[in-house]
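Let me begin by presenting the structure, written as C-alpha cells, before commenting on it.
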Amino acid sequence: MSTTIAETEIRREIVPWHDFVAGSLGGMAQVTVGQPMDTIKTRLQIEGPSGRFSGPMDCFRKTIKNEGFLGLYKGMASPLVGVAAVNALLFAAYSNFKKLQEPFPGGPLTLDQIAIAGAGAGVVNAVLASPVELLKIKMQAQYGPGSKTHYSGPVDCARQLIKEHGFRHGLMRGYWISVVREIPGYAGFYAGFEGMKRYLTPAGEDPATYAHGMLSLMASGATGGVSYWFACYPLDMLKSMIQNQPNPPKGAFYILDAAKQVYKEGGIKPFFRGFSPTIIRAVPAAAATFTTYELVMRALST
C-alpha cells in the first residue's frame with residue numbers, strides 16, 4: 001500500500017514523524033534540483049525592462065561568468081534550512097482541509113475538493129513561505145561585484161531587515177501577495193498531481209492504494225509542479241518585485257499598485273518575465289519532490 005504526497009483517499013493512519021521526515025527530504029530534493037533555474041527566474045523577474053539580462057540564457061551565462069557555477073545556488077540556504085518547517089506546515093494543513101471535506105473518515109474526494117484543500121493549505125503555508133522566500137530573493141538579487149545590497153547570508157539579511165524596518169515590514173514584507181499567490185498555486189499543484197495520478201492508475205485499481213512506479217510518480221509530480229506555475233505565475237512575478245524593493249510597500253492596495261506599475265512597462269508581457277526557466281525548473285524539481293516523498297514514506301512504512 002502506497003502513501004502519496006497528496007495523501008488522497010488515505011485508508012490507513014499516517015505516522016506524523018514519517019510525514020515530516022519524508023516531506024522535509026522531498027523539499028530538500030526540490031531545492032537542490034531547482035535552485036539554479038530559480039535563481040535565473042528571480043533575476044529576470046526583478047531586473048525590469050532595462051535590466052542587465054536579455055533572456056534566460058544570457059542570465060545563465062553572465063551568472064556563471066561573474067560568480068562561477070555556485071552563483072546559480074545563491075540564496076539556497078534559506079529554503080534548504082526552512083524547508084522542513086514549511087513542508088510540515090503545508091502537509092499538515094492540506095491533510096486537515098481534506099478531512100473537513102470527507103463524506104466519511106477516509107472517504108474519497110473529488111478533484112475540486114482536492115483543489116480546495118490545496119488552496120487552504122496555501123493560505124496557511126504563506127506564514128512561513130513568505131519570509132523564507134524573501135531572504136532567498138534578497139540573496140539572489142546580489143549579482144556581481146556592483147551589487148547594491150550586501151548581505152553575508154540569510155541570517156545577516158534577516159537581522160538587517162528587522163533592524164531597519166521591524167519584523168512586520170522587514171521580514172514579513174510581501175506576506176499578503178504570498179497568500180494571494182499560494183491560493184491558486186497550491187490548488188493547481190495538488191489537483192494537477194492527483195489528476196495525473198488517477199489518470200495513470202490502471203482500470204479497476206484504487207489510486208489511493210495502487211503502488212505507482214517511479215515514472216508514474218515523476219509524471220504526476222511534474223504535472224503538479226507545472227500546474228502550480230500556470231495557476232499563479234504573474235502573482236509570483238509581483239511577489240519577487242515587491243519583496244526585492246529597498247523599502248516596504250505602502251498602502252492597503254500595494255498589490256494593485258505594483259500590478260499597474262508592471263503593466264505600464266509593456267502590458268501583459270512583463271508579468272511573465274522568467275516564465276520559461278520556471279517551467280523548465282518545475283518538471284525535474286517537482287518530480288524529485290514527489291518521488292522522494294513517496295519513496296521515503298514507503299521505506300519508513302515497511
Side-chain angles (χ1 to χ4, degrees), residues 20 23-24 27-28 30-32 34-35 38-39 41-48 71 73-93 119-143 147-186 228 232-259 261-262 274 278:
F20 177 79
S24 299
M28 290 178 182
Q30 180 189 50
V31 172
T32 303
Q35 186 67 18
D38 185 78
T39 297
K41 181 263 292 186
T42 300
R43 288 180 170 177
L44 290 173
Q45 286 179 329
I46 64 180
E47 278 298 309
Y73 285 88
K74 184 171 288 186
M76 189 174 78
S78 174
L80 198 61
V81 172
V83 70
V86 170
N87 279 3
L89 180 62
L90 176 66
F91 298 155
V123 172
V124 177
N125 184 60
V127 174
L128 292 181
S130 179
V132 166
E133 292 190 14
L134 168 68
L135 298 178
K136 174 183 70 70
I137 288 170
K138 287 292 188 182
M139 296 302 299
Q140 289 174 324
Q142 297 187 137
Y143 169 73
S147 175
K148 296 180 180 179
T149 53
H150 302 281
Y151 305 119
S152 60
V155 175
D156 179 57
C157 180
R159 181 183 59 80
Q160 289 193 43
L161 289 173
I162 293 174
K163 180 179 180 181
E164 186 174 355
H165 302 289
F167 180 80
R168 178 184 174 187
H169 296 294
L171 196 59
M172 296 304 293
R173 181 184 308 177
Y175 168 71
W176 287 111
I177 182 61
S178 297
V179 171
V180 173
R181 180 198 69 173
E182 300 289 56
I183 292 173
Y186 276 109
Y228 176 96
C232 72
Y233 191 81
L235 295 169
D236 182 75
M237 186 272 167
L238 289 176
K239 185 186 77 68
S240 294
M241 188 184 76
I242 290 169
Q243 290 188 317
N244 188 56
Q245 291 174 344
N247 296 308
K250 296 181 180 179
F253 301 100
Y254 74 85
I255 299 174
L256 290 177
D257 293 338
Q261 177 184 335
V262 173
T278 300

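- One finds the CD1 atom of Ile46 at 8.0 Å from the CD atom of Gln140 (value rounded to the nearest 0.5 Å).
- The two residues Tyr151 and Lys138 make their nearest non-hydrogen contact at CE1-CB, 4.1 Å.
- Partners of Gln30 under the side-chain contact (heavy atoms from CB on, under 4.5 Å) rule, at least two apart in sequence or in another chain, are Ala285, Thr289.
- Residues Leu80 and Met28 form a side-chain contact, since some pair of their non-hydrogen atoms from C-beta on lies under 4.5 Å apart.
- At least one side-chain heavy atom of Leu171 sits less than 4.5 Å from a side-chain heavy atom of Leu135.
- For Arg168, there are no salt bridge (charged side-chain N to carboxylate O under 4.0 Å, His left out) partners at least two apart in sequence or on another chain.
- The CD atom of Gln261 sits 13.0 Å away from the CG atom of Leu256 when rounded to the nearest 0.5 Å.
- Annotation for Gly71 and Thr39: closest pair O-CG2, 3.9 Å, computed over non-hydrogen atoms.
- When all heavy atoms of Val132 and Gly82 are compared, the closest pair comes out as CG2-CA, 4.4 Å.
- Rounded to the nearest 0.5 angstrom, Glu164 CD and Asn247 CG are separated by 7.0 Å.
- For Tyr175, there are no ring pair (Phe, Tyr, Trp, His ring centres under 6.0 Å) partners, not counting sequence neighbours.
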Table please: side-chain donor-acceptor pairs of residues 232-241 below 3.5 Å, with sequence neighbours left out.
unit_1, atom_1, unit_2, atom_2, d
Tyr233, OH, Gln45, NE2, 3.1
Tyr233, OH, Arg273, O, 2.3
Tyr233, OH, Gly274, O, 3.2
Tyr233, OH, Phe275, N, 3.3
Asp236, OD1, Arg181, NH1, 2.6
Asp236, OD2, Lys41, NZ, 3.0
Asp236, OD2, Gln45, NE2, 2.9
Lys239, NZ, Glu133, OE1, 2.7
Lys239, NZ, Gln243, OE1, 2.9
Ser240, OG, Gln45, OE1, 2.6
Ser240, OG, Asp236, O, 3.3

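- Distance CD1/Ile137 to CD/Gln142: 13.0 Å, rounded to 0.5 Å.
- With sequence neighbours excluded, no residue forms a salt bridge (charged side-chain N to carboxylate O under 4.0 Å, His left out) with Asp257.
- Gln160 is linked by a side chain to side chain donor-acceptor pair (under 3.5 Å) to Asp156, counting only residues two or more places apart in sequence or in another chain.
- The heavy-atom pair separating Val83 from Ser24 by the smallest distance is CG1-O, 4.0 Å.
- Here the closest non-hydrogen pair linking Gly170 and Leu134 is O-CD2, 3.1 Å.
- Between Tyr254 atom OH and Ile242 atom CD1 the span is 5.5 Å, to the nearest 0.5 Å.
- Remark: Ile183 CD1 to Asn125 CG distance equals 12.0 Å, nearest 0.5 Å.
- In this structure, Gly75 and Lys136 approach most closely via the heavy-atom pair O-CG, 3.5 Å.
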